[in-house]
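All remarks here apply to the structure that follows.
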Amino acid sequence: MSTELFDQAAEELARQTDWTLLTARGTLRIAMKAGGVEPNGVGSRELRAVVEQLMPRELELRGIGEPELVCAALIERVGDVVSDRSSSDSDEVFRRLAGD
Amino acid sequence: MENAVLFELLAGVVYLVAGVRLAVLARRTRAIPEALLTAAFLCLGLSYMFYNIPLMQGSEPVWSTFTGRLLAALGIGFLPFFTLRVFRGKAAWAKLLAGANVLLLVVGISLAVLNGDFEGYTVSAPWFWLEWCGYMLPYVWIASEAFLAYSSARKRKRIGLTSAMVTNRYLLWGLYGVLGMAANCVTLAMYRAYEATQVWQAEWDVGFGGLEMLSIAMMWLVFFPPRFYRRWIGGQDADPAAAGGG
């Protein structure tokens, strides 16, 4: 399964924070886990929600000043990457089942 | 026995209604999960009819029981493929598990038929257990995957990635799996008592009927959620519009 968007986001996070790629990937993975999102095949909508709502706290915990700016830059670079993928395709099936 | 027959007939009707509704949905979406669930529910609904309509008339012909048994196996055989498709699309182990389940049912029923057991109530026979595992496994898998998905969906709900209704549907589907497991255990006890006495025991009938009623309630809330239930659960969305995407 593709992790293209996750890889791009982690690379951008490493650039923004001067972290190693390993640290950036680990931090992003923790934030995604907290949001119930799988890195494998993550979609842009999911990535945006995780970065906007969960990453600021993770960055703050790791001593990054002005985490909102880092997150905004991250979203600007990768948040609009067109992706119809979603790590939660089962949500779509369970939404349709009742004719929603 | 009469109560159990009524509950089972009601369960059959609910399966058929849900199956027809899913068939309409599957025709519109052309999606495989809906098609698999349609096939499963229609077979299960018909199975209940073949088992119970003759019982209502006071008879239990072997041809009808055997047809009901085959339809039940076919219907339940579709369920792991639904679970595979929805939750584990590309996992090799999951494909193997779904295939192994079909094998359990086919081998179990074939051995029973070769030994003249068309009804499938012979708990003391080794082939019975193959077939029984084939009925149990899909529900264990449904419950496991649905509860895992529920746990993950609760987190996504908090950040507006999914709706409260979808999250709740995972919980209900997990409970449906647990009830299916419990019904299989009761069936086992029921068949054991029947094999010993050649009489269906009322207490197991009542237990089975109760589980059927609960299963019907779960299915109804998943596939036909009433307005009050939608309002109650849907009201938990922080931002219903944001969660609408699914």
Side-chain angles (χ1 to χ4, degrees), chain A residues 1-6 9 27-60 67-68 71-72 74-75 78-100, chain B residues 18 21-22 24-26 28-29 31-34 36-38 41 82-83 85-91 145-146 148-163 165-173 219-226 229-230 233-234 238 242-246:
Chain A
M1 192 175 274
S2 166
T3 56
E4 200 179 327
L5 199 52
F6 174 80
T27 306
L28 192 54
R29 205 176 277 275
I30 288 169
M32 283 187 169
K33 190 172 180 189
V37 173
E38 289 289 324
N40 289 343
V42 61
S44 51
R45 177 172 166 260
E46 294 167 320
L47 182 68
R48 182 180 275 271
V50 168
V51 171
E52 280 178 350
Q53 298 181 53
L54 301 172
M55 273 305 281
R57 184 180 139 74
E58 296 299 332
L59 294 175
E60 208 173 342
E68 287 79 11
C71 291
L74 199 58
I75 288 168
V78 292
D80 290 330
V81 172
V82 177
S83 166
D84 58 357
R85 285 182 165 275
S86 166
S87 66
S88 53
D89 289 340
S90 56
D91 285 3
E92 181 56 25
V93 175
F94 273 78
R95 188 184 65 74
R96 290 199 307 258
L97 285 182
D100 291 356
Chain B
R21 183 177 176 153
L22 281 166
V24 172
L25 184 65
R28 183 159 49 84
T29 62
I32 292 173
E34 285 93 319
L36 287 167
L37 217 47
T38 298
F41 283 8
F82 172 78
T83 308
R85 184 78 193 187
V86 174
F87 296 107
R88 302 280 163 184
K90 290 181 179 169
E145 295 288 3
L148 277 175
Y150 173 63
S151 161
S152 158
R154 282 179 67 187
K155 294 175 186 169
R156 287 198 298 281
K157 181 165 76 87
R158 275 189 226 120
I159 56 173
L161 283 176
T162 197
S163 67
M165 279 307 288
V166 168
T167 306
N168 179 256
R169 233 163 259 160
Y170 286 127
L171 175 65
L172 295 170
W173 192 239
M219 281 181 58
W220 201 260
L221 292 176
V222 169
F223 298 101
F224 312 97
Y229 192 74
R230 281 182 186 275
I233 299 294

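Just so it is clear: chains get the letters A, B, ... in the order the sequence lines come, proteins before strands, and each one is counted from 1. Keep in mind that the numbers below use all heavy atoms, side chains included, and drop hydrogens, waters and symmetry copies.
- Partners of B:Phe223 under the ring pair (Phe, Tyr, Trp, His ring centres under 6.0 Å) rule, at least two apart in sequence or in another chain, are B:Phe41.
- Between the A:Glu46 side chain and the A:Gly43 main chain, a donor and an acceptor come within less than 3.5 Å of each other.
- Contacts of B:Thr29 with chain A are made by side-chain atoms alone, with heavy-atom separations under 4.5 Å and no backbone atom involved.
- Under the side-chain hydrogen bond (donor to acceptor under 3.5 Å, both in side chains) criterion, B:Arg230 pairs with A:Asp100, sequence neighbours left out.
- Comparing B:Met165, B:Arg21, B:Arg85 by heavy-atom pairs within less than 4.5 Å of chain A, the highest count is held by B:Arg21.
- Proximity of B:Arg169 to B:Pro225: side-chain heavy atoms (C-beta onward) are separated by under 4.5 Å at one or more points.
- At a 4.5 Å heavy-atom cutoff, B:Leu221 makes no contact with chain A through either its backbone or its side chain.
- Proximity to chain A (any heavy atom under 4.5 Å) is shown, for B:Ile159, by both the backbone and the side chain.
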